[in-house]
Amino acid sequence: MPQLNTQLETLTPQLTAWRRDFHQHAESGWVEFRTASLVAEELDRLGYQVTLGRDVVDDTSRMGVPDADTLAREEARARTQGAIERWLPQLSGGFTGVVGVLDTGRPGPTLGYRIDMDALDLEESREASHRPAQQGFGSQNAGMMHACGHDGHTTIGLGLARLFKTFESELSGRIKLIFQPAEEGVRGARSMVTAGVLDDVDVFIATHIGLDIPCGEIVCAQDGYLATTKLDVRYTGVPAHAGGRPEEGRNALLAAAQAAVGLHAIPRHSGGASRINVGVLNAGSGRNVVPATAMMKIETRGENTVINEEMRRRAIDVIEGAAQMQGVSVEYSLAGEADTCTSSPALVDYIQKRIEGLPGVEVVTPRISEPSGSEDATCMMKRVQERGGLATYMIFGTELAAGHHHQCFDFNEDVLPLAVRTLAHLAFDMALPGARHDR
Ligand SMILES: O=C(O)C[C@H](NC(=O)Cc1c[nH]c2ccccc12)C(=O)O
């Protein structure tokens, strides 16, 4: 569709502006108030059916939600940074999911795109060599940075919304744009699945940019996502005068320290890839006080659910054993979890055939399965597949200034128009074997 290229040329500066605005106002999981409000506003302006908040995020299945004071503080911060006021009441409390539906009224599948919006809990580099810092769009929010490309994902989602609206007469069925909160820490997707957001989706595409693949190279299916469990751990001991009465204390810091070493000493699994990481350890209150409190944020991962479950089980043994050694109490809670998933072969074949030769598409890889991080889009994919639909997870390569989750992360923005055009192209004339067309 030549006019698609023309439209895209006009759209590209807007894509760059969106990306840099989202980058500058980075918001981590469940506090994407400004981002979600701007997304809802744009979808509504374009005439999409917009649902958000508790209508698309199930409260009981949310994980790793910040405390009420943090949610309130970040909502107030979002207001000062230009969040669109009329959407905030529904987003309040961290229900920051947004779904836009374009119903063409013509028979055809419902095509769902997952777009994750959240930033990482990370302080962005202020070095002049870091382009966002140098060009004035570095994160304004302390401790929050788009260091994985989700500012680009949100931009791609809005670019798709614009193109689909422009070419609505060429489409059939429905387009469902699913803007998800809290992918980092694998927390938000399960809540949207439980809220039923995926229950009417026939074809589902999740995407990620970067992943050490050059711009112009596209992977139709990334299958190597690891099953993962995230745990918050809290040790409670007994404070005492470290000099006068050390024997009366019970040392929570030592329990956490011994747990950290013990966790990393859990053997890797012979059945496949396995991971363990203690990402955060905070403990104690003063130099001369026997530490009575310690907290850890940890994660286990496995190439499949059996391996991850074994790693989780071993981790719990270590966590509880360390508490016993120091005579302290311990509590732990689930802060996130995700499974593995395999993309639908019929959809992968379809995508490969449709995108080969498109402008800007230089290399098309059908499927990669090497273990590579985790993703909670897998639970959305599984929901679609178990209902007879098709799902995949696409990768759009782009050059990176530094690796994902690094404070100097940045990417080649040429990937934005390329991803928008390629993903939009898949929606036109979608004749997919195996995708339900009874709508
Ligand atoms: O477990 C999580 O917190 C999800 C998070 N997900 C990502 O970072 C997205 C992602 C998935 N696979 C890769 C590979 C490289 C960079 C990023 C990713 C991760 O793996 O730490």
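Values in this document were obtained by computation on a predicted structure and should not be read as measured data. When reading the values below, keep in mind they use all heavy atoms of this one structure, side chains included, and skip hydrogens, waters and symmetry mates. Atoms within each ligand, like the ligands themselves, are counted from 1 in listed order.
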For [X] and ligand 1, does the shortest N/O to N/O distance drop below 3.5 Å?
| X | answer |
| --- | --- |
| S372 | yes |
| Y393 | no |
| T228 | no |
| S374 | yes |
| G185 | yes |

How close does the nearest protein non-hydrogen atom get to [atom], and which residue and atom is it?
| atom | value |
| --- | --- |
| atom 9 (C) of ligand 1 | H208 NE2, 3.5 Å |
| atom 15 (C) of ligand 1 | L211 CG, 3.7 Å |
| atom 11 (C) of ligand 1 | Y225 CE2, 3.0 Å |

Problem set entry | Residue pairs fulfilling salt bridge (charged side-chain N to carboxylate O under 4.0 Å, His left out) with at least one residue in residues 180-193, sequence neighbours excluded | R190-E337
Problem set entry | salt bridge (charged side-chain N to carboxylate O under 4.0 Å, His left out) contacts in which one or both residues fall within residues 255-268, not counting sequence neighbours | none
For this session: Test the R19-F411 pair against the cation-pi criterion, namely NZ or CZ under 6.0 angstrom from the six-membered ring centroid and within 45° of the ring axis.
Result: yes
Exercise. Hey, does the Lys NZ or Arg CZ of R114 hover above the aromatic six-ring of Y393, less than 6.0 Å from the centre and inside 45° of the axis?
Worked result: no
Counting each atom of ligand 1 from 1 as listed, which ones have a heavy atom of [X] under 4.0 Å away?
| X | answer |
| --- | --- |
| G373 | 12 (N), 20 (O) |
| K230 | 1 (O), 2 (C), 3 (O) |
| C148 | 8 (O), 17 (C) |
| H405 | 8 (O), 21 (O) |
| E184 | 3 (O), 5 (C), 6 (N), 8 (O) |

Exercise. Does H404 have its ring centroid less than 6.0 Å away from the ring centroid of F409?
Worked result: yes
Exercise. Distance from L163 atom CG to L46 atom CG, nearest 0.5 Å?
Worked result: 10.5 Å
Exercise. Any heavy atom of R301 sitting closer than 4.0 Å to ligand 1?
Worked result: yes
Side-chain H-bond candidate by donor/acceptor type, [X] with [Y], under 3.5 Å:
| X | Y | value |
| --- | --- | --- |
| N304 | T340 | no |
| Q180 | D118 | no |
| N141 | Q81 | yes |

